[in-house]
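A, B, ... follow the sequence lines: proteins, then strands. Residue 1 opens every chain.
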2 protein chains.
Amino acid sequence: MKKTRITDSHTRQKIFRAATEVFELKGYAGARMQEIADRAGINKALLHYYFRSKDQLFMAVFQVLLKKMFEKITAIFQADLSFKEKIRLFLDQHIDFLIKNPKLPMFLLNEMSVNPSITESIKETLHYGELRDMIYEKHSKELKGYGIRKSDMPQLMITVVSMSIFPFAAREMIAVMIPQMLDNRKFNSFMLERKEFAADFIFSALKHRKK
Amino acid sequence: MKKTRITDSHTRQKIFRAATEVFELKGYAGARMQEIADRAGINKALLHYYFRSKDQLFMAVFQVLLKKMFEKITAIFQADLSFKEKIRLFLDQHIDFLIKNPKLPMFLLNEMSVNPSITESIKETLHYGELRDMIYEKHSKELKGYGIRKSDMPQLMITVVSMSIFPFAAREMIAVMIPQMLDNRKFNSFMLERKEFAADFIFSALKHRKK
DNA sequence: TCATAGATTAACTGTTTAGTTTAACCAAAA
DNA sequence: TTTTGGTTAAACTAAACAGTTAATCTATGA
């Protein structure tokens with residue numbers, strides 16, 4: 001078998017994947033280096049050989065996952081579509097994405113909540129600053145037609161994004177009230193139905209909004 | 001000074017309050033018994049004198065907080081009001097409640113996500129089972145008028161609840177995109193505005209929903 | 001007034017955890 | 001062939017941590 005540089009080696013990837021799983025499941029404080037090593041099928045010494053410390057390993061994982069999440073959210077709003085088309089596309093693609101990564105929202109949200117400074121080092125990497133204003137400018141006519149002013153955009157966008165993210169983050173809470181939701185098949189089909197429910201809900205709200 | 005039974009003593013309350021703060025801030029795995037003792041202004045031994053173990057202390061706190069959250073959510077939907085009035089009242093009171101307990105949603109959601117079995121012992125205590133079906137029966141006429149079938153209720157209720165909860169749970173994520181949101185005053189007034197935004201949004205959506 | 005029970009403390013114990021060290025092994029590259 | 005870098009097992013360290021112990025304090029009721 002070929003041996004290459006440490007960076008991007010096969011083992012490094014195995015470790016990274018294992019670390020991603022464990023951190024997503026348990027969070028930073030609950031994760032154990034030993035468990036990560038076990039899952040990667042390697043020795044704890046080797047783990048520290050590739051990633052000096054738990055912090056470094058965590059930051060590597062966190063950075064990639066946060067980027068992944070933001071990319072999914074922002075990418076769609078870059079496209080050349082009407083605002084409504086973007087929303088429909090977003091709900092469709094983002095819910096598909098979250099069905100494949102159901103623990104991702106809770107992991108990111110919680111780590112940021114528990115340790116807000118965590119994002120400081122990455123804020124430049126995410127350069128969405130452009131996006132924030134751009135979205136409104138691009139669709140100002142369409143949005144004014146719905147009675148949405150520029151100052152309403154945060155309210156609107158948070159509402160849209162919560163449509164897909166919240167049910168995943170709150171899954172266990174929901175399962176307390178609706179026990180069937182513990183079943184993966186049922187929960188996933190609930191989320192697939194939600195694509196249309198959410199789109200209809202948002203469009204109806206936009207269509208007849210009070211000024 | 002009078003000495004009374006262990007239950008409900010002053011010290012016990014001090015410990016409980018300190019534990020609540022620390023657990024809400026750091027989560028179970030991140031919390032330290034020493035920090036709880038320090039905040040309560042007592043010795044670590046005394047902490048174990050009142051609550052045998054970290055687990056027992058945590059469960060006591062968790063149970064109270066979960067109940068607090070559920071009570072707020074369900075209480076309003078018991079009242080004798082129209083569905084729309086209930087929603088308006090819910091958003092008003094729940095957002096006020098969360099402004100006073102901003103870390104509560106993330107704490108509960110995360111602990112349940114990381115350790116789903118945590119609710120098992122409390123499920124009976126929460127007896128909302130009644131509520132689930134009752135809400136639709138009570139408002140079936142009104143809701144049918146909006147094109148909401150019984151099977152749509154989970155989608156609708158999750159949407160309503162996410163309106164108030166999500167921004168608090170996702171506050172740090174939001175702050176990455178809207179830096180002003182780091183400021184408490186600005187965030188709180190954003191949430192106060194949200195009462196009306198959310199109510200209007202939901203009512204407009206209900207008024208003209210596709211069947 | 002003093003015996004007692006509960007409240008509180010300082011110091012200690014035992015365990016878990018991140019991280020290190022060492023010695024040996026192996027495959028490929030030089 | 002020698003060197004180099006990846007890999008292992010195992011033992012180890014130091015710090016952090018939950019939990020315990022034994023002694024002290026304090027109010028109070030007999």
For the pair made of CD1 in B/Ile42 and C1' in D/dC25, what is the distance, rounded to whole Å? 16 Å
A/Arg39: what forms a salt bridge (Lys or Arg N to Asp or Glu O under 4.0 Å) with it, not counting sequence neighbours? A/Glu21, A/Glu35
In this structure, how many angstroms lie between the C1' atom of C/dC25 and the CG atom of A/Leu46, rounded? 14 Å
Classify B/Gly41 by what it touches in the nucleic acid, base, sugar-phosphate, or nothing, heavy-atom distance under 4.0 Å. nothing
With sequence neighbours excluded, tell me which residues meet side chain to side chain donor-acceptor pair (under 3.5 Å) with A/Ser151. none
With sequence neighbours excluded, give me every salt bridge (Lys or Arg N to Asp or Glu O under 4.0 Å) pair touching residues 160-187 of chain B. none
Between A/Phe90 and A/Phe97 (judged by ring centroids, cut-off 6.0 Å), do the two rings come close enough to count as a pair? no
Starting at atom CZ of A/Arg12, determine the distance to atom P of D/dG5, rounded to an integer number of angstrom. 16 Å
Applying salt bridge (Lys or Arg N to Asp or Glu O under 4.0 Å) as the test, list every pair that has at least one member in residues 46-64 of chain B; sequence neighbours left out. none
OP1 or OP2 of D/dT8 versus the side-chain N and O atoms of A/Tyr49: is any pair under 4.0 Å? no
To the nearest angstrom, the CG-C1' distance between B/Leu47 and D/dC17 comes to 13 Å
Quick one, give me the B/S/- string for nucleotides 16-22 of chain C, reading 5' to 3', where B means a protein heavy atom under 4.0 Å from the base and S means that only happens at the primed atoms, P, OP1 or OP2. -SBBBB-
Where at least one partner belongs to residues 96-116 of chain B, residue pairs that pass salt bridge (Lys or Arg N to Asp or Glu O under 4.0 Å), sequence neighbours excluded: B/Asp96-B/Lys195
